[in-house]
*Asks:* 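The following block contains the structure, expressed as structure tokens.
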Amino acid sequence: MNYFKKSRMKKIVFNILLLSLVATHISAQSKQSNPTSVKPNIVIIYADDLGYGDLSCYGMKRIQTPNIDGIAKEGLLFSNAHSTSATCTPSRFGLLTGRYPWRQNGTGIAPGDASLIIPMDKGTMASTLQTAGYKTAVIGKWHLGLGTKEGIDWNTAIKPGPKELGFDYSFIMPATLDRVPCVYVENQMVVNLDPNDPITVSYQNKVGNDPTGKENPEMLRYKPDPTQGHNQTIVDSISRIGWMSGGHSAYWKDEDIAATITDKAIQFMGRNAAQPFFVYFATGDIHVPRYPESKFRGKSGMGLRGDAILQLDYTVGRIVHALDSMHLTNNTMIIVSSDNGPVVNDGYFDRSVEELGEHKPAGNLRGGKYSIFEAGSRVPFIVKWPGKIKAGEKTDALFSQVDLFATLNALTGQNLQAADAPDSYNLLNALLGKDKKGRAYVIEQSGGLAITKGDWKYIVPNNMSSYNKETNIETGNDSKPQLYNLRNDLGERNNLANKYPAIVKQLASLLEKSKGDIRTRK
Ligand code: NG6
Ligand code: CA
């Protein structure tokens, strides 16, 4: 046989194998689909710091996000969906536990050496889906602490972590991209670690002799903003928050992160195509430090922040395409959202401020990341499930990411355990676009708290600063009560607290009651 024939033969054999594999998957999956327990694959794509106005399907004009828009075209786009909080760690806590993070101390932005924040004695979204027969994975940014209070040894199995919380597979960046250690951890082990070059991490003082941004600024790809720190250990030509020594062979390269984690997600879905799977896919995009692949750099005309949005969109396209080619599209629910609102300068001079132009990352909302104004936690939220969710619809239903726990439990035919997810409501009808109202009210968190019910939003007074100079963000903090009518004044400009004291009183007491009221299910 000549080479051509041989390789054709190989291709045919390969195709037959592939087809029979896919056929087995499809029949295995259709067996799951009985009316009492529908078990679609579930993929949550959780972007980092992506604002309400950062996608073209939410009105972004400067660049296009066709792949994410495609999910909206084939699915349901929410105008009033919220992360629990205006920063990363608490929002992720809320998403995975179904519990407002402010109910537990120590759920603020976690350093890279924090111990595991999520309690292990209660269910998580992952563990309950595991019980429902799902293969579960977390891939991407974790930022919920790892290990015990005694500290983490990065050179042995790192636990407890995702595995103890119900994830069968994990491939994670431990904290944020701007925090050490800048290594991947796959199923408890640092990837590519050389045992002769062990990792030490400290957030108190310098460890080892690795260069830092402070001492060796000439080594940096771009400079950290001196008002924001980020000038400690240098990894991949970028200085970070925190010090680390060792682990050089395990360092990630920032420009490879998106492709690496996407490959891992696609491989996981491929390995588990024959059974329902749940992938919590938490991208590093578009958090700082931003350094997307070369094919995106300079392409948005908006600096590295815009380039990172292009990369995020491409990533989503790869996931969608992979599901298509595995013939899993119709049996997969994809959710795209963000952990908190947008920030432009979050610690590095990467030209995102200079090149922002007319773009409004928060759309028409006031504030941004770190803010109790709407931009802090009203985020993009799009869901697609072909055949089950009508294509191209929009909804104003009030939805919180904290509800996904109970909602996905209901979808997969499970009863919540008494102690699980006390703040999570089953909003399956809202998620599927059948109920346009959603929850009765929602509590928002930044430094302080706010409550929104119907048209009204009340922000609890506090004495924290009203403006974050470093990031140029209005935090929304005020020593006086604030009341806004979001229907007429989504931009929160007209404080009506003095005019409507009875509404202030009503919302304040509802918030107080909710703070005390941890529901337990019988
Ligand atoms: C802040 C960092 C910011 C970012 C943020 C966490 C400073 C001055 N700023 O404290 O750069 O890392 O924490 O972002 O250190 S989050 O999206 O993970 O919550
Ligand atoms: Ca974030």
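Position 1 is the first residue of the sequence; numbering continues from there. Computation of the quantities below employed the complete heavy-atom set of this structure, encompassing side-chain atoms and omitting hydrogens, waters and symmetry-equivalent molecules. Indexing begins at 1, ligand by ligand and atom by atom, following the structure's order.
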*Asks:* Salt bridge check, Lys457 against Asp489: does any charged N sit closer than 4.0 Å to a carboxylate O?
*Replies:* no
*Asks:* Hey, does Glu470 sit under 4.0 Å from ligand 1 if you only count heavy atoms?
*Replies:* no
*Asks:* Considering the heavy atoms of Ile241, write down every atom of ligand 1 situated less than 4.0 Å from one of them.
*Replies:* 15 (O)
*Asks:* Go through ligand 1 atom by atom and flag the ones less than 4.0 Å from a non-hydrogen atom of His287.
*Replies:* 4 (C), 6 (C), 12 (O), 14 (O), 16 (S), 17 (O), 18 (O)
*Asks:* Using a strict 4.0 Å threshold on nitrogen-to-oxygen distance, state whether Arg290 and Asp350 make a salt bridge.
*Replies:* yes
*Asks:* Is the closest basic N to carboxylate O distance between Asp263 and Arg318 below 4.0 Å?
*Replies:* yes
*Asks:* Evaluate whether atom CG of Asn216 has more than 12 neighbouring non-hydrogen atoms of other residues, nucleotides or ligands under 6.0 angstrom away.
*Replies:* yes
*Asks:* Please confirm whether Gly347 approaches ligand 1 to less than 4.0 Å, judged on its heavy atoms.
*Replies:* no
*Asks:* Tell me: protein heavy atom nearest atom 1 (C) of ligand 1, and distance?
*Replies:* Tyr370 OH, 3.6 Å
*Asks:* Tell me, which protein residue and heavy-atom name are nearest atom 18 (O) of ligand 1, and how many Å apart are they?
*Replies:* Cys88 CB, 2.9 Å
*Asks:* In the protein, what heavy atom is nearest to atom 17 (O) of ligand 1, and what distance, to one decimal place, separates them?
*Replies:* Lys369 NZ, 2.9 Å
*Asks:* Could you list the atoms of ligand 1 found under 4.0 angstrom from a heavy atom of Asn340?
*Replies:* 17 (O)
*Asks:* Does one side chain, of Thr65 or Asp313, offer a donor that lies under 3.5 Å from an acceptor on the other?
*Replies:* no
*Asks:* Determine, using ring centers only, whether Phe399 and Phe78 are less than 6.0 Å apart.
*Replies:* yes
*Asks:* What atoms of ligand 1 come closer than 4.0 angstrom to any heavy atom of Asp346?
*Replies:* 3 (C), 4 (C), 11 (O)
*Asks:* Can you tell me if an N/O/S atom from Asn340 lies under 3.0 Å from the Ca ion (ligand 2)?
*Replies:* yes
*Asks:* Can you tell me which N/O/S atom of Asp48 has the shortest distance to the Ca ion (ligand 2)?
*Replies:* OD1
*Asks:* Report yes or no: do Tyr184 and Glu186 form a side-chain donor-acceptor pair below 3.5 Å?
*Replies:* no
*Asks:* Provide, to 0.1 Å, the distance between atom 9 (N) of ligand 1 and the closest protein heavy atom, together with that atom's residue and name.
*Replies:* His230 CE1, 3.7 Å
*Asks:* For atom 10 (O) of ligand 1, what is the closest protein heavy atom, and at what distance to 0.1 Å?
*Replies:* Arg179 NH2, 3.7 Å
*Asks:* Run the salt-bridge test on Glu492 and Arg366 with the 4.0 Å N-O cut-off and return the result as yes or no.
*Replies:* no
*Asks:* Specify side chain, backbone, both or neither for Asp178, according to which of its non-hydrogen atoms lie closer than 4.0 Å to ligand 1.
*Replies:* side chain
*Asks:* May I ask you to check whether over 12 heavy atoms, not counting those of Lys299, lie within 6.0 Å of atom NZ?
*Replies:* yes
*Asks:* Under 4.0 Å, heavy-atom basis, I'd like to know which part of Lys141 is in contact with ligand 1: side chain, backbone, both or neither.
*Replies:* side chain
*Asks:* Quick check: of its N, O or S atoms, which one does Asp49 have closest to the Ca ion (ligand 2)?
*Replies:* OD1
*Asks:* Quick one: which ligand 1 atoms are inside 4.0 Å of a heavy atom on Thr176?
*Replies:* 18 (O)
*Asks:* Name whichever N, O or S atom of Asp339 ends up nearest to the Ca ion (ligand 2).
*Replies:* OD2
*Asks:* Tell me whether Lys384 is salt-bridged to Asp69, with the criterion being a basic N under 4.0 Å from an acidic carboxylate O.
*Replies:* no
*Asks:* Going by the atom numbers of ligand 1, which of them fall below 4.0 Å from some non-hydrogen atom of Thr87?
*Replies:* 19 (O)
*Asks:* Do Lys159 and Glu164 sit within salt-bridge range, that is, some charged N less than 4.0 Å from a carboxylate O?
*Replies:* no
*Asks:* Can the positive tip of Arg297 be found less than 6.0 Å from the middle of the six-membered ring of Tyr291, inside 45° of the ring normal?
*Replies:* yes
*Asks:* Could you list the atoms of ligand 1 found under 4.0 angstrom from a heavy atom of Asp48?
*Replies:* 17 (O)
*Asks:* So, does Ser115 use its side chain to make a donor-acceptor pair with the main chain of Leu146 at under 3.5 Å?
*Replies:* no
*Asks:* Report, in ascending order of atom number, the atoms of ligand 1 lying under 4.0 Å from any heavy atom of His143.
*Replies:* 18 (O)
*Asks:* Please determine whether a side-chain nitrogen of the Lys or Arg among Glu218 and Lys223 lies less than 4.0 Å from a carboxylate oxygen of the Asp or Glu.
*Replies:* no
*Asks:* Do me a favour and list the nearest non-hydrogen protein atom to atom 8 (C) of ligand 1 with residue, atom name and distance?
*Replies:* Gln228 O, 3.3 Å
*Asks:* So is Tyr348 in contact with ligand 1, going by heavy-atom distances below 4.0 Å?
*Replies:* no
